[in-house]
Amino acid sequence: MTTQSPHARVVRQASEQGGWELVFGTPDARLREHVHDYCGYRESTPGPVRRRELPAPQVVLIIDFGPPLRIVDPRTGRPLGRHPVGFVAGLDDGYSITETAGSMNGMQVNFTPVGARRFFGMPLHHLARQVVGLESVLGAEGPLLTERLVEAPSWEARFALLDQLLLSRILTAPEASPVIIWTWQRLRASGGQVEIGELARELGFSQKHVIARCGQELGLTPKLLARLIRFDRVIQVLKSGAAESQARLALEQGYFDQAHLIRDFRQFTGGPPGEFLRRRLPALGGTRAD
DNA sequence: TATTGCGATTGTCGAAACTG
DNA sequence: CAGTTTCGACAATCGCAATA
């Protein structure tokens, strides 16, 4: 079931296996360069669910209404930590695994790297390849934010609250440096297909300088970010079901051939594209992790 | 569709040199 | 002296072919 309103799009499903509700919110237009989207979710299942979360060119803020989502180390399968009111996941070039105890309830804000840099007010190498508790990043504001969102009467009210908070924080924070803004915009606009040397020439800085600044401010080197952007497009096409063949998709998105695409795919998801499609979960993104 | 091998090309990073 | 560039070694990615 899907319903529409100016600020929220709701998708719901219920069955004997439990039910879920997913609500997408559109951020205020002034946040366009900073936030991709908002999402609210509520799910209950008969047992624990593990999801494989794929890397993407975004910084994720999770606001947990409880019970808390667990983060599992993909290499060992052991729990990495729990963050009662929520957490931030910085840019990452590897997938991660989340686990629910049978239900989850909360919200997700997907920041652009530049938006996250500005919102969190710290160089993002502090957050890269890490999951950090909300209170460590936002201080006392973290738990307070979660509390206010829980108490809001509707998803729309929650989205409005997020707008308010993000606008007040972002618009009063200093802008990211021009080098970083240009790097991000150029990488994104090209679908991750500019040479880093070319990018540096356009900026009038040495390649070394651009790499260092990008790594410092956004948390990943520009090439890695470019590959992530390219890979993310592939994922979007695969999810939409619009891909004719892998070979075609690879060429369209700037890979040399199918082998090249599959290599990237293995590195970012732990398996080939076919496996991703078979394991894909209908709701809440992610794929089954077992 | 998926995997592997291998040479060529590009990206990254430390050390040294430069500039204001 | 801080910030930056240049140089060069090394690592990672790409390009291409072959094969299951």
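To find a chain, count down the sequence lines: A is the first, B the second, and so on, and within it residues start at 1.
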Undergrad: Do the side-chain N or O atoms of Q246(A) get closer than 4.0 angstrom to the phosphate oxygens (OP1, OP2) of dA2(B)?
TA: yes
Undergrad: Mind jotting down which residue pairs meet the side-chain hydrogen bond (donor to acceptor under 3.5 Å, both in side chains) criterion with at least one end in residues 167-180 of chain A? Sequence neighbours excluded, please.
TA: E141(A)-R169(A), S177(A)-R213(A)
Undergrad: Name all pairs fulfilling the side-chain hydrogen bond (donor to acceptor under 3.5 Å, both in side chains) condition that reach into residues 195-207 of chain A, sequence neighbours left out, sorted by first residue then second.
TA: R186(A)-E202(A), E198(A)-R201(A)
Undergrad: Who are the side-chain hydrogen bond (donor to acceptor under 3.5 Å, both in side chains) partners of N105(A), not counting sequence neighbours?
TA: none
Undergrad: Let me test you: for the helix from dT1(B)-dA20(C) to dG20(B)-dC1(C), what is the angle between the axes at its two ends (five pairs each), rounded to 10 degrees?
TA: 40°
Undergrad: Specify the residue among A247(A) and A259(A) whose closest nucleotide of DNA chain B lies further upstream toward the 5′ end.
TA: A247(A)
Undergrad: Base, sugar-phosphate, or nothing: which does F205(A) touch, judged by heavy atoms less than 4.0 Å apart?
TA: sugar-phosphate
Undergrad: How would you list, by chain and number, every residue that makes a side chain to side chain contact (heavy atoms under 4.5 Å, CB included) with Q108(A), sequence neighbours excluded?
TA: C39(A), Y41(A), V60(A), I62(A), N110(A)
Undergrad: Please work out which residues in residues 186-196 of chain A have a non-hydrogen atom less than 4.0 Å from an atom of DNA chain C and list them by number.
TA: none
Undergrad: With side chains defined as the heavy atoms from C-beta onward, is the minimum distance between M107(A) and R158(A) less than 4.5 Å?
TA: yes
Undergrad: Applying side-chain hydrogen bond (donor to acceptor under 3.5 Å, both in side chains), name anything that partners Q258(A), two or more places apart in sequence or on another chain.
TA: Q246(A)
Undergrad: Round to a whole Å and report the spacing from CD1 of I262(A) to C1' of dG15(C).
TA: 15 Å
Undergrad: Contacts to DNA chain B from residues 265-274 of chain A, heavy-atom cutoff under 4.0 Å, which residues?
TA: R266(A), P272(A), P273(A), G274(A)
Undergrad: With sequence neighbours left out, what residues match A29(A) under side chain to side chain contact (heavy atoms under 4.5 Å, CB included)?
TA: R32(A)
Undergrad: Can you list, in residue-number order, the parts of residues 208-235 of chain A that come under 4.0 Å of DNA chain C, counting heavy atoms only?
TA: K208(A), H209(A), K223(A), R227(A), R230(A)
Undergrad: Is there a side-chain contact between L134(A) and F87(A), using heavy atoms and a 4.5 Å cut-off?
TA: no
Undergrad: Say you draw a straight line from OH of Y38(A) to CG of D28(A); how long is it, rounded to the nearest 0.5 Å?
TA: 7.5 Å
Undergrad: Name all residues meeting the side chain to side chain contact (heavy atoms under 4.5 Å, CB included) criterion together with R263(A); count only those two or more places apart in sequence or in a different chain, and write none if there are none.
TA: none
Undergrad: According to the ring pair (Phe, Tyr, Trp, His ring centres under 6.0 Å) rule, which pairs have a member within residues 208-241 of chain A, sequence neighbours left out?
TA: F205(A)-H209(A), F231(A)-F265(A), F231(A)-F268(A)
Undergrad: Write down the distance between NE2 (H260(A)) and C1' (dG5(B)), rounded to a whole number of angstrom.
TA: 15 Å
Undergrad: Decide if atom CZ of R148(A) counts as having more than 12 heavy atoms of other residues, nucleotides or ligands within a radius under 6.0 Å.
TA: no
